[in-house]
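These numbers come from the heavy atoms of this one structure, side chains and all, not from hydrogens, waters or symmetry mates. Since this is a predicted model, take the numbers as computed values, not measurements. Reminder, nothing fancy here: chain letters follow the sequence lines and each chain counts from 1.
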There are 2 protein chains.
Amino acid sequence: MATGRTHRPATRSRGIPEATVARLPLYLRALTALSERSVPTVSSEELAAAAGVNSAKLRKDFSYLGSYGTRGVGYDVEYLVYQISRELGLTQDWPVVIVGIGNLGAALANYGGFASRGFRVAALIDADPAMAGKPVAGIPVQHTDDLEKIIEDNGVSIGVIATPAGAAQQVCDRLVGAGVTSILNFAPTVLSVPDGVDVRKVDLSIELQILAFHEQRKAGEEPALETAAGDGAQPAAASREAAAAAAPAASADQGPDGDVPAVMPA
Amino acid sequence: MATGRTHRPATRSRGIPEATVARLPLYLRALTALSERSVPTVSSEELAAAAGVNSAKLRKDFSYLGSYGTRGVGYDVEYLVYQISRELGLTQDWPVVIVGIGNLGAALANYGGFASRGFRVAALIDADPAMAGKPVAGIPVQHTDDLEKIIEDNGVSIGVIATPAGAAQQVCDRLVGAGVTSILNFAPTVLSVPDGVDVRKVDLSIELQILAFHEQRKAGEEPALETAAGDGAQPAAASREAAAAAAPAASADQGPDGDVPAVMPA
DNA sequence: ATGTCTTTGTGAACGCGTGCACAAAGATGG
DNA sequence: CCATCTTTGTGCACGCGTTCACAAAGACAT
């Protein structure tokens, strides 16, 4: 759902469906909250409500992990927290590098949710020499030149790309070349990676556009202000030119920053 | 997939599948890039490669929109850009408010991808009185007290929440109360919203955890360092206690900031 | 020990999304 | 005007994910 490569063998890793894996962190968060309130056990119904999912789905998800849980009682919170953490690989420490320390990169560096879940920001990397040495979130920024050495020295296998779109593929290649096998990409680009490397993408602009689509539908169909161009299905040359002439004025390519990413290039 | 409410009627809005809607922005981005290079037409094969998807999938996606495209030739880039933009509702201007101007909120405010795609940051809102009036990305931050008035005055229907987790639900309620019907949530919480309100969630921590899962699998199964606790399926009381005793020391609740969000509370 | 009551775990049905493979459509050249 | 060639649009099959509904399992009271 968020891969860079065209074909992915539907990575059903070990019998645990991908959709289930994506929900485990959700359950873990809800369970952690319960744990902090010293709640000993939860029923699937309660936990599902807290996680915002269907209870049957939750039970089936857990069934892939094993038969934890006691009929008539529910699930032991602490035990389940441990099992999910272990399944997700959160019982070990994952050093992470963030490349591109603009606004977004800095926000990520300051993100508390990383450290509290087994992730550790091992290094911050930026291409701007002026940023080198400057501390962000208590960690000094290092220059891109040292990227490979940083990766290897720290045994980093997870990289976060928060650079402008133009630099993302190049950074990605260097990360992969240095041994990184999992990438979280915030740059609005499709990354090409060799097999065996996982890419997940977070695209703010896309999320907003999806919301806009539903918003437009909610607003109803009657406010069809632009009745000019082809709403039908006749792609005649005439209507095309009309559309092409009418569209750009609206919002398409109004500036040279068509694909500027979430961070300042630095 | 990213809703806050438990039950959603699988919002297949108008015959256009949700999965297709989620890919339209991807196609739009690729098409915009082609448009800037003044490429007149593309084949489904080329465009699919640029967007990182299967060409058959792309053709089927477009078939939901109508029969744009010419057999033997391909798709007219400008025409398609317009059609997709219109379908996504990007031909109109969407005023957006961002609530919670911490690191992440500031990054979002500076995000160029918004303005270039029909979105306009109408206002920045923060609960910290000290931030009021201070300009971020050229826009003065306003105080939460005026939230309702800001929403109504600007006719805002899309809100972005970048506050700490603790404040998210409250902010959400006020946004919805003021008329917002689409929310992009960056706070690590499950939001409860009434029917008719769309919520999409972006959770950095969850993405990383999913990567960690696959990373752990790639590393193989042999490094099973913790051979102590239940790998089998016998949830006996004894093994539970052992697990519960061993786990918390690892990484679960090591601090009181279990769910700190992506921004400083301000 | 037995019965009742709660909650899990899962078999089975259904619907959505994906990808193949091909016929229809149109462009292009002779 | 006809033949050929490219590329679209889609019927079809398959697999994954979701949900229902219920039997099995265990807690708890008597």
>> Taking the nucleotide of DNA chain D with the nearest heavy atom to each, does B:Val73 or A:Val73 sit closer to the 5' end?
In response: B:Val73
> How long is the line joining CG of A:Asp76 and P of C:dT8, in whole Å?
Replying inline: 13 Å
> Any donor-acceptor pair under 3.5 Å linking the side chain of B:Gln169 with the backbone of B:Ser192?
Replying inline: yes
> Just how far, in rounded Å, is C1' of C:dG11 from CZ of A:Arg59?
Replying inline: 13 Å
> Can you tell me how far P of D:dT8 sits from OH of B:Tyr27, to the nearest Å?
Replying inline: 13 Å
>> Closest-nucleotide mapping onto DNA chain C: is A:Ala56 or B:Thr20 further toward the 5' terminus? I mean the 5' end.
In response: A:Ala56
> Is there a side-chain polar atom (N or O) of B:Arg23 under 4.0 Å from OP1 or OP2 of C:dT18?
Replying inline: yes
>> For a side chain to side chain donor-acceptor pair (under 3.5 Å) check, start with the C-alpha distance between A:Asp198 and A:Ser182, then their side-chain angles and the critical distance, and finish with the verdict.
In response: CA-CA 5 Å; A:Asp198 272 305; A:Ser182 288; 4.8 Å; no
> Donor-acceptor pair, B:Thr32 side chain versus B:Leu28 backbone, under 3.5 Å?
Replying inline: yes
> Which whole-number value in Å describes the distance from A:Tyr68 OH to C:dT10 P?
Replying inline: 12 Å
> Roughly how many Å is it from CD in A:Glu45 to P in C:dG9, rounded to a whole number?
Replying inline: 14 Å
>> Quiz question: going by heavy-atom distance under 3.5 Å, is there a donor-acceptor pair between the base of D:dT8 and the side chain of B:Arg71?
In response: yes
> Which nucleotide in the set C:dT8, D:dG17, D:dT10 lies at the smallest distance from any side-chain heavy atom of A:Ser43?
Replying inline: C:dT8
>> When you measure from the side-chain N and O atoms of A:Ser44 to the phosphate of C:dT8, is any distance below 4.0 Å, counting only OP1 and OP2?
In response: yes
>> Starting the side chain at C-beta, find the nucleotide from D:dG9, D:dT18, D:dC20 nearest to B:Ser63.
In response: D:dG9
> D:dT19 P sits how many Å from A:Asp61 CG, rounded?
Replying inline: 11 Å
> A:Leu47 and A:Phe62: side chain to side chain contact (heavy atoms under 4.5 Å, CB included), yes or no, with the steps?
Replying inline: CA-CA 12 Å; A:Leu47 185 54; A:Phe62 285 173; 3.8 Å; yes
> Within less than 4.0 Å of OP1 or OP2 of C:dG9, is there a side-chain N or O belonging to A:Tyr75?
Replying inline: yes
> Please give, in whole Å, the distance from D:dT10 P to B:Asn54 CG?
Replying inline: 17 Å
> What's the CD-P distance between A:Glu18 and D:dC16, to the nearest Å?
Replying inline: 12 Å
> Choosing from D:dA27, D:dG9, C:dG26, which nucleotide comes nearest the side chain of B:Ser67?
Replying inline: D:dG9
> After noting the C-alpha distance and the side-chain angles of A:Ile84 and A:Tyr68, does the key distance pass the side chain to side chain contact (heavy atoms under 4.5 Å, CB included) rule?
Replying inline: CA-CA 11 Å; A:Ile84 295 180; A:Tyr68 315 138; over 6 Å; no
>> On the nucleotide C:dT10, are OP1 or OP2 found under 4.0 Å from the side-chain N or O atoms that A:Lys60 carries?
In response: no
